[in-house]
Participant: 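Structure incoming, see below.
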Amino acid sequence: VMILFFQPSVFRCILLRWVRLLGFSVMYGTVILKLYRVLKVFLSRTAQRTPYMTSWRVLRLLIVILLVVLWFLVAWTSAVCQNPELSPALITAGLTPEGLQFSMCLLDRWDYMMAV
């Protein structure tokens, strides 16, 4: 949210996507992996031996998730930075109902892919 406070620039629009996607991956990846660990305990067929996942194994799985997201972000950033026509297209001008103009980061097809 603090990134949106400042005047949009190409760097800030790129940084906004990095922070948003990495934050989403860390938060929801942690929740999903912890639920998976609890699910493995409750789905065990024997009461004597429960297949407990250690915290290190959960952390390793989270690192795998973050590496996939990081790979996607590097691919997106390199695509934006290598094509000079796309860099200024990250920022667009919007209009309020009163006719005032403001700058904002534009959403493109990569943002929809990030959401998926």
Side-chain angles (χ1 to χ4, degrees):
V1 175
M2 290 301 297
I3 298 170
L4 295 173
F5 178 74
F6 300 103
Q7 184 70 18
S9 66
V10 173
F11 174 74
R12 287 189 186 109
C13 289
I14 291 172
L15 184 66
L16 176 68
R17 287 170 174 99
W18 273 75
V19 170
R20 182 184 299 154
L21 197 57
L22 283 176
F24 180 85
S25 301
V26 168
M27 294 303 293
Y28 285 100
T30 304
V31 169
I32 288 172
L33 289 174
K34 287 187 180 225
L35 286 173
Y36 176 67
R37 178 167 56 178
V38 171
L39 181 71
K40 281 188 66 131
V41 170
F42 284 112
L43 288 181
S44 91
R45 295 182 187 260
T46 61
Q48 287 86 11
R49 191 173 72 86
T50 59
Y52 181 74
M53 286 180 61
T54 63
S55 296
W56 286 109
R57 185 161 178 209
V58 172
L59 186 62
R60 282 188 303 202
L61 290 172
L62 182 64
I63 289 172
V64 169
I65 291 171
L66 289 178
L67 286 176
V68 170
V69 169
L70 191 66
W71 173 81
F72 179 79
L73 284 169
V74 167
W76 174 77
T77 305
S78 66
V80 167
C81 292
Q82 285 180 358
N83 196 352
E85 300 92 40
L86 290 178
S87 293
L90 288 175
I91 303 169
T92 187
L95 288 173
T96 64
E98 292 83 21
L100 300 174
Q101 187 175 5
F102 62 94
S103 298
M104 63 181 185
C105 294
L106 183 65
L107 296 175
D108 58 352
R109 65 179 180 264
W110 284 87
D111 291 303
Y112 298 116
M113 289 171 54
M114 287 179 199
V116 168

Participant: Working to the nearest 0.5 Å, report the span between CD1 of I32 and CZ of R37.
Facilitator: 14.5 Å

Participant: Once you round to the nearest 0.5 Å, how far does OH of Y28 lie from CG of L35?
Facilitator: 12.0 Å

Participant: Taking side chain as C-beta onward, heavy atoms only, is C13 less than 4.5 Å from V80?
Facilitator: no

Participant: Do S103 and Q7 have side chains that approach each other closer than 4.5 Å (heavy atoms only, starting at C-beta)?
Facilitator: yes

Participant: Quick one: are W76 and L21 in side-chain contact, heavy atoms under 4.5 Å?
Facilitator: no

Participant: If two hydrophobic side chains count as joined below 4.5 Å and joins carry through other members, does L62 share a cluster with V64?
Facilitator: no

Participant: Taking all non-hydrogen atoms of both residues into account, name the closest pair between R17 and L73 and its distance.
Facilitator: O-CD2, 4.1 Å

Participant: Would you check if I65 and L33 make a side-chain contact, meaning some heavy-atom pair closer than 4.5 Å?
Facilitator: yes

Participant: What's the spacing between L22 CG and L70 CG if we round to 0.5 Å?
Facilitator: 6.5 Å

Participant: Got a second to check how far L66's CG is from L61's CG, nearest 0.5 Å?
Facilitator: 11.0 Å

Participant: Do other residues, nucleotides or ligands put more than 12 heavy atoms under 6.0 Å from F102 CZ?
Facilitator: yes

Participant: Decide whether V26 and V58 are clustered together by the hydrophobic rule: side chain heavy atoms of Ile, Leu, Val, Met, Phe, Trp, Tyr closer than 4.5 Å, transitively.
Facilitator: yes

Participant: Please report the closest heavy-atom contact between V69 and S25, naming both atoms and the distance.
Facilitator: CG2-OG, 3.1 Å

Participant: Write down the atom of Q101, the atom of A93, and the distance for their closest heavy-atom approach.
Facilitator: NE2-CB, 3.1 Å

Participant: Is the shortest heavy-atom distance from the side chain of T30 to the side chain of K34 under 4.5 Å?
Facilitator: yes

Participant: Please round to the nearest 0.5 Å and tell me the distance separating atom OG of S9 and atom CG of L15.
Facilitator: 9.0 Å

Participant: Report yes if some heavy atom in the side chain of V10 is under 4.5 Å from a heavy atom in the side chain of I14; otherwise report no.
Facilitator: yes

